[in-house]
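Some notes on the structure that comes next.
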Amino acid sequence: MAIEVDSSEEFIGYAHPERLVSTGWLQERLSSPGLVVVESDEDVLLYETGHIPGAVKIDWHTDLNDPVERDYIDGAAFAKLLGARGITRDTTVVIYGDKNNWWAAYALWVFTLFGHADVRLLDGGRAKWEAEGREYTTERPRPVAVDYPVVERDDRSIRAYKDDVLAHLGEPLIDVRSPEEFSGERTTAPAYPDEGALRAGHIPSAHNVPWGKAAAGDGTFRRAPALDALYRGEAGLSDGDRVIAYCRIGERSAHTWFVLTHLLGFENVRNYDGSWTEWGSAVRVPIVRGSEPGEVPQRKG
Amino acid sequence: MDRMTELPQSLAQIRDDFLELDQSDRLVLLLEFANELPELPAQFADHPDLLERVEECQAPVFIFVEVGDDGTVHLHATAPKEAPTTRGFASILVQGLSGLSAGEVLDVPDDFPQTIGLTDAVSPLRLRGMNALLSRSKRQIRAKIAA
């Protein structure tokens with residue numbers, strides 16, 4: 001049975017406010033049956049330093065990525081992971097994390113690949129929980145293992161591969177990296193480890209909207225009018241657009257995917273997780289340098 | 001002589017301590033290192049301009065390497081408490097490199113981070129942060145020796 005939604009007035013105006021919960025809402029429901037809180041961070045040790053009481057940890061590197069191939073885990077591994085965390089197919093999952101919920105949004109996107117229906121973000125993540133002086137514990141919960149069904153991942157509707165992006169050229173692309181990465185300025189110097197891509201720049205015609213612009217100073221999402229101005233205004237998106245977002249490895253763009261899909265209501269948004277580390281090293285794909293989006297090129301024969 | 005056997009005692013001990021643990025306990029040990037990272041000495045805390053930012057780490061981490069008159073190396077590092085993994089990496093190097101000679105530090109294999117059993121527990125991508133800390137430390141030492 002799903003847990004009631006958070007009807008806080010700050011969420012009014014979002015297309016799918018049921019995808020967010022506030023810190024106060026969560027505090028009151030921490031030990032509710034049918035609710036599991038998941039922490040997902042950039043830093044693999046942050047959970048161990050203290051976490052929301054009862055929260056379980058899911059790490060994107062060591063839990064959600066396939067250990068060998070550059071891909072996500074399969075349905076069997078996802079079922080094992082969630083079952084061990086006490087999550088059933090009907091569980092309401094609230095995910096939170098560090099860095100404006102960057103990795104939490106990424107975990108939510110992966111849950112969505114497997115069609116988990118009720119998965120929400122804690123608005124403000126760790127930063128807001130902490131700023132409000134709410135409780136942390138280092139005590140690790142010991143969830144009773146439950147059965148989670150083996151559901152095959154559906155990569156068609158919210159995930160884009162490189163060939164999908166090539167076919168998409170001419171329709172809106174959002175590059176959510178920093179302006180320096182977008183323009184192709186080299187930020188590395190000789191003798192430093194490289195950035196993992198052989199070429200610098202961006203996919204032709206992409207608009208640069210750094211992902212963090214969607215977050216307010218306290219780590220919450222900016223409210224609906226501000227997001228509207230950013231994406232429908234500055235980036236020029238229109239209702240009905242098919243959109244692909246990308247970054248370097250698909251994590252920052254999962255945050256933007258969440259904003260476009262759940263907060264602004266775009267119904268056809270895909271995250272290109274191959275992102276710049278694939279595109280910037282691929283052979284014969286078009287690249288534009290500089291701060292302008294650039295033109296969609298004629299196809300090479 | 002096999003170069004692996006030349007790993008300084010301090011680093012070899014750290015490596016062996018990690019390798020004898022199972023995967024989840026390796027994270028616990030890394031957290032202990034994170035908690036042990038010393039505060040910056042006052043002369044650096046008051047002069048952030050002396051510190052070099054390690055851009056390859058996603059968390060803001062800064063390092064400064066001193067080479068004493070006797071040729072021994074002292075590494076100083078600072079990273080926020082919200083970045084315990086980066087603090088742990090820095091602390092391993094602070095403890096493992098400090099007191100070595102400049103030559104000994106330069107001889108530390110560049111893939112030392114990949115040899116201490118953290119690849120699966122932490123992930124290869126995150127471990128690159130420690131490679132960056134090591135290579136920037138060596139670079140500072142080379143610059144100081146050349147000066």
Side-chain angles (χ1 to χ4, degrees), chain A residues 39 41-51 57-70 84 97-100 102-103 125-127 129-131 136 138 140 177-178 180-181 185-197 211-212 219 247-252 275 277, chain B residues 23-35 37 52-61 63 79-92 106 110-111 113-114 118-143:
Chain A
E39 175 161 340
D41 297 317
E42 195 283 311
D43 193 296
V44 69
L45 274 178
L46 200 52
Y47 172 88
E48 278 77 7
T49 68
H51 52 82
K57 169 183 173 180
I58 291 184
D59 183 71
W60 75 276
H61 276 293
T62 58
D63 291 323
L64 296 177
N65 274 353
D66 184 277
V68 180
E69 293 181 19
R70 185 173 172 190
D98 60 354
K99 310 269 175 74
N100 300 331
W102 169 352
W103 305 90
R126 273 188 78 99
W129 188 269
E130 232 167 271
Y136 274 149
T138 53
R140 246 191 137 84
R177 298 172 301 159
S178 64
E180 295 77 15
E181 291 168 281
E185 262 176 61
R186 271 287 171 193
T187 52
T188 52
Y192 291 163
D194 70 47
E195 298 280 54
W211 72 282
C247 57
R248 217 174 71 88
I249 51 174
E251 13 66 284
R252 286 174 284 182
S275 274
T277 50
Chain B
Q23 293 291 339
S24 62
D25 284 337
R26 290 178 194 180
L27 275 188
V28 175
L29 180 57
L30 184 61
L31 184 59
E32 285 174 21
F33 271 102
N35 292 334
L37 182 67
E52 174 182 0
R53 173 153 187 180
V54 181
E55 301 285 351
E56 297 86 349
C57 292
Q58 292 186 26
V61 52
I63 59 165
K81 71 172 177 50
E82 295 78 19
T85 301
T86 301
R87 288 178 63 86
F89 292 163
S91 180
I92 286 170
L106 294 178
D110 290 333
D111 66 349
Q114 278 69 37
L118 286 174
T119 308
D120 288 340
V122 167
S123 89
L125 195 66
R126 287 183 174 120
L127 259 186
R128 285 169 57 177
M130 192 173 358
N131 294 88
L133 282 166
L134 179 60
S135 67
R136 286 190 181 240
S137 300
K138 288 185 177 186
R139 210 182 106 263
Q140 285 198 14
I141 289 172
R142 283 194 197 97

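Order of the sequence lines sets the chain letters (A, B, ...), proteins ahead of strands, with each chain counted from 1. These values consider heavy atoms only, across backbone and side chains, with no hydrogens, waters or symmetry-generated copies.
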Point-to-point distance, once rounded to the nearest 0.5 Å, from CD of A:E42 to CZ of B:R126: 6.0 Å
Part of B:D120 within contact of chain A (heavy atom distance under 4.5 Å): backbone
Side chain to side chain contact (heavy atoms under 4.5 Å, CB included), paired with B:V122, selected from A:V44, A:D43, A:L45: A:V44
Side-chain heavy-atom pair B:K81, A:T49 within 4.5 angstrom cut-off: no
pair B:L125-A:H61: side-chain heavy atoms closer than 4.5 Å: yes
Proximal component of A:D59, with respect to chain B [non-hydrogen, under 4.5 Å]: side chain
Separation between CD of A:E48 and CG of B:L30, rounded to the nearest 0.5 Å: 9.5 Å
Inter-residue atom distance B:Q23.CD - A:T62.OG1, 0.5 Å rounding: 10.0 Å
